[in-house]
Number of protein chains: 2
Amino acid sequence: MLTANQIMEINRIIQIGRLLLDEHDRYSYSFDASFGTYLPDAVVQTKHVEELAKLVKFANQEGIPIYPRGQSTSLSGGPLPVQGGIVIDLSVMNDILDIDEEDLVAVVSPGVLTSAIHKAAEEKGLMYPPDPSSSHVSTIGGNMAENSGGPRGLKYGVTKDYVIGLEVITPEGEIIQTGGRTVKNVTGYDLTKLIVGSEGTLGIITKAILRLIPKPPATATLMAIFSNLVDAGRAISNILSSGILPSKMELMDQASIIAVENYQPMGLPRDAEAIILLELDGHPLALQDEIIQAEQLCYVVGASQVKIPKNDMEKEEIWRARKLVSPAIVRIKPTKISEDATVPRSKIPEMCERLQEIKRRYQVHLVLFGHAGDGNLHPNIICDKSDPEEMERVEKAVAEIFTAAVELGGTLSGEHGIGNMKAPFMEMELGAVGLDMMKRIKKAWDPNNIMNPGKIFPEPGQKLELK
Amino acid sequence: MLTANQIMEINRIIQIGRLLLDEHDRYSYSFDASFGTYLPDAVVQTKHVEELAKLVKFANQEGIPIYPRGQSTSLSGGPLPVQGGIVIDLSVMNDILDIDEEDLVAVVSPGVLTSAIHKAAEEKGLMYPPDPSSSHVSTIGGNMAENSGGPRGLKYGVTKDYVIGLEVITPEGEIIQTGGRTVKNVTGYDLTKLIVGSEGTLGIITKAILRLIPKPPATATLMAIFSNLVDAGRAISNILSSGILPSKMELMDQASIIAVENYQPMGLPRDAEAIILLELDGHPLALQDEIIQAEQLCYVVGASQVKIPKNDMEKEEIWRARKLVSPAIVRIKPTKISEDATVPRSKIPEMCERLQEIKRRYQVHLVLFGHAGDGNLHPNIICDKSDPEEMERVEKAVAEIFTAAVELGGTLSGEHGIGNMKAPFMEMELGAVGLDMMKRIKKAWDPNNIMNPGKIFPEPGQKLELK
């Protein structure tokens, strides 16, 4: 709880922006797209970096928790104010979106929507590759905090690979610049890549410089249907080892196919065990050749059907199937737990088996889809959080999904982040010393633990809770 | 100086590897490809990670400096044992070089030569993109310590972009694993990308997992000759904004051209102000089209001649011109100071002007070449370190090159690292707070300052010394 004196001082600091104290206002900032509701003591909206820095300086002196927040699409609890304190609504800091065609960079404010960056870059013949599925509703600031991925990660990498410079307010309220406008920079430690993906625990990003690339002149799409999930896995391997690097390579399992067909019938075969959706991008002459190669590689391993759309409308229709998975599955039951456990590519078939086993053992409604090309699967469990008996089974199933991923040499999280949700599993993946090396950085930068406290690092005895 | 007891204990720890104490042996470890000679107290060669970890633990207790070293091709003093102590010769740790075609990764020991990784990957139809010019003589461990770049950085990025997992001995002698075999991993702070490029100040890399990509099926080369340096700059901009992303885009200035012609006449025009060398890679059909486009773009801005080699032999002949620059210029005078100040792409013409001004003002023999496509120029000053009057002018010229790069929004170092050489200039680029945030990480990880002390962070009053 903030004291009356603290509130008076915050009011004095926030001259240009707004301070929200009403319970109604604060309630809107108490949740994200994951679990739990935590009411902050105050919310600050400001576009003014210096005034925000002053606020952080004050919060650091007083030990008040600071929770930076974008559009709160986080699936792992990134922006949840789990210890009260002040939420910083960075969605209002959205003034700057400059595309520099000569330097091939974009300079952006953290509150800009990622899709707006896509659009601005494309208008100049350029591309900002990272494409989290939430890009139409999520901010670049949130994408940077969580190091978001997306389908194009396979060919182009993730958010971190495109952030080359930052303006950051440190946990002690100082404003620093990291990196710059050059792709090559080895001047000291790479603070840019340390801060991107640190989930707001090391500072507040107030501006970023993003690397852009020339937009590939053409794309080609392919949909391949398999009666057998293992054959689909082999098709993925064979295409990648043939020298073709697709821009996207998505997988839908039978449960996803049936969910989509029940929601909006698109003529997908309900008896198929898997569908692969593939996009290539590049020079049109190269694509003409490669898409035929990819088609043949699918048939060789036993695809029952391969579709190559002939025009943009047909392409969109095919990608719509993948996009409908999420809305389709929440029709089954109201609660969707979207995981992003990621395994080495060669372990995808084994991970699929482990997931089916978990589904059977705990009798949960598990749907599997995701970015198969880079091993970043999205096992989704569909459930009802008002049913405590079911949720207990779900909690156990989720814990086993994490264990399976780590045992197969993978990771707890490929692109959604740790937040408060996966914190209890950190030591399983990193070991005690590995986790301690991370904590030392946190402590050195944020000695009073005010920046997004309660995230990434597990509290003693903390357990997974889905409610 | 090590005490007799310390030497006895080190001898006890190093059972499998070798401890070198002879002055003759130690002398071979006292220099690198930069400046200065510093005799270490001892040299350890071991392939055994656990015994090396024990040694580090002991060194940490006793406060003995540890200097990891690969093949010592560093141009910034990375492996120099500037405070004595123990040099760890990691070139002997070279057993592992496994290419996994399914996961598209290579697992390597730090002592493996980078060119051996290129070769092993290519044999399986894959590619490890980073290609520092020293790759035939430098180790992957050194490349990781310095985050090496190379010509292909323009399209493919630098070493850091391909390191996804590490085994590291911490400064306190613990063995940790960071990252893993998946490209997507957001489980906690990105220690992998923090350690890569930290110049051996945060630990010793004893194993690495590198991401590979399918090898592009074809390449195409172009050489364009310009009577005017500014036109060459415009050609670079126009090609990049046309949507073509070359794999390499190299620049040679008139001084480089003349040096090569004096060394091994290749028929390059001595009156040309600049030559651009360009390589495209990808699908052969795409290249046929793009190389013609690139040729036209060069002619449009005033190239006097454009050559497109027809076969591999002709291609090699063209790239030989670029490779001869370094050996050619050291024939002029014995000492070569190779800088790697990097500027945003749009500032290349201005940087070229600033460099010509510096050349005139200090009457130094400055030769300019490098990776123009990503702003990573290599101004080289050719001098004679036995001439103190000349070296004084050279020191001033180098300091001004750094200043110019930072003033133009660039960086001190694009790919060679800071080492001891550029440490005095860190605060100019990073500011006091930025530098302090780096120091905090160093202190949190290495409280006794034993890992490569004297590097990156300037000592009070430290100045550039070239002798």
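If you're wondering where the values come from, they're calculated on a predicted model, not measured in any experiment. Here is how names work: the chains are called A, B, and so on, in the same order as the sequence lines, proteins then strands, and each is numbered from 1. Hydrogens, waters and symmetry mates play no part in the numbers below; they use all other heavy atoms, side chains included.
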(message) Using heavy-atom distances under 4.5 Å, tell me whether L412(A) contacts chain B through its side chain, its backbone, both, or neither.
(response) both
(request) Check each atom of T182(B) against the heavy atoms of chain A and say whether the ones under 4.5 Å are side chain, backbone, both or neither. (result) side chain
(message) So for N376(A), is it side chain, backbone, both, or neither that comes closer than 4.5 Å to the heavy atoms of chain B?
(response) side chain
(request) Give, as side chain, backbone, both or neither, the part of M437(A) having an atom under 4.5 angstrom from any heavy atom of chain B. (result) both
(request) Counting only heavy atoms closer than 4.5 Å, note whether K160(B) contacts chain A via side chain, backbone, both or neither. (result) side chain
(message) Strictly distance-based, threshold 3.5 Å: is any side-chain N or O of Y162(A) a donor or acceptor partner for the main-chain N or O of G157(A)?
(response) no
(request) Identify which part of P344(A) has an atom lying under 4.5 Å from any heavy atom of chain B, answering side chain, backbone, both or neither. (result) both
(message) What part of H416(B) gets within 4.5 angstrom of chain A, counting heavy atoms only: side chain, backbone, both, or neither?
(response) backbone
(request) Would you mind checking which part of N185(A) comes under 4.5 Å of any heavy atom in chain B, side chain (CB onward), backbone (N, CA, C, O), both or neither? (result) both
(request) Against chain B, work out which of F425(A), Y189(A), W445(A) has the most heavy-atom pairs shorter than 4.5 Å and name it. (result) Y189(A)
(message) Under 4.0 Å between a side-chain nitrogen and a carboxylate oxygen: does that hold for R181(A) and D100(A)?
(response) yes
(request) For the pair H283(A) (side chain) and L285(A) (backbone), establish whether a donor and an acceptor sit closer than 3.5 Å, ignoring hydrogens and angles. (result) yes
(message) Counting only non-hydrogen atoms closer than 4.5 Å, does E199(B) touch chain A with its backbone (N, CA, C, O), its side chain (CB onward), both, or neither?
(response) side chain
(request) Can you tell which part of F457(A) gets under 4.5 Å to a heavy atom of chain B, answering side chain, backbone, both or neither? (result) side chain
(request) Let me know if I348(B) has heavy atoms under 4.5 Å from chain A in its side chain, its backbone, both or neither. (result) neither
(request) Tell me, out of D190(A), I213(A), T178(A), who's got the most heavy-atom pairs with chain B below 4.5 Å. (result) D190(A)
(request) Select one option (side chain, backbone, both, neither) describing which atoms of I195(A) are under 4.5 Å from chain B's heavy atoms. (result) neither
(request) Pick one of side chain, backbone, both or neither for V158(B), based on which atoms fall under 4.5 Å of a heavy atom in chain A. (result) side chain
(request) Give a yes or no on whether the backbone of G78(A) and the side-chain of K455(A) come within a donor-acceptor separation of less than 3.5 Å. (result) yes
(request) Let me know if V343(A) has heavy atoms under 4.5 Å from chain B in its side chain, its backbone, both or neither. (result) backbone
(message) Is S237(A) close to chain B through its backbone or its side chain, or both, or neither, when contacts mean heavy atoms under 4.5 Å?
(response) side chain
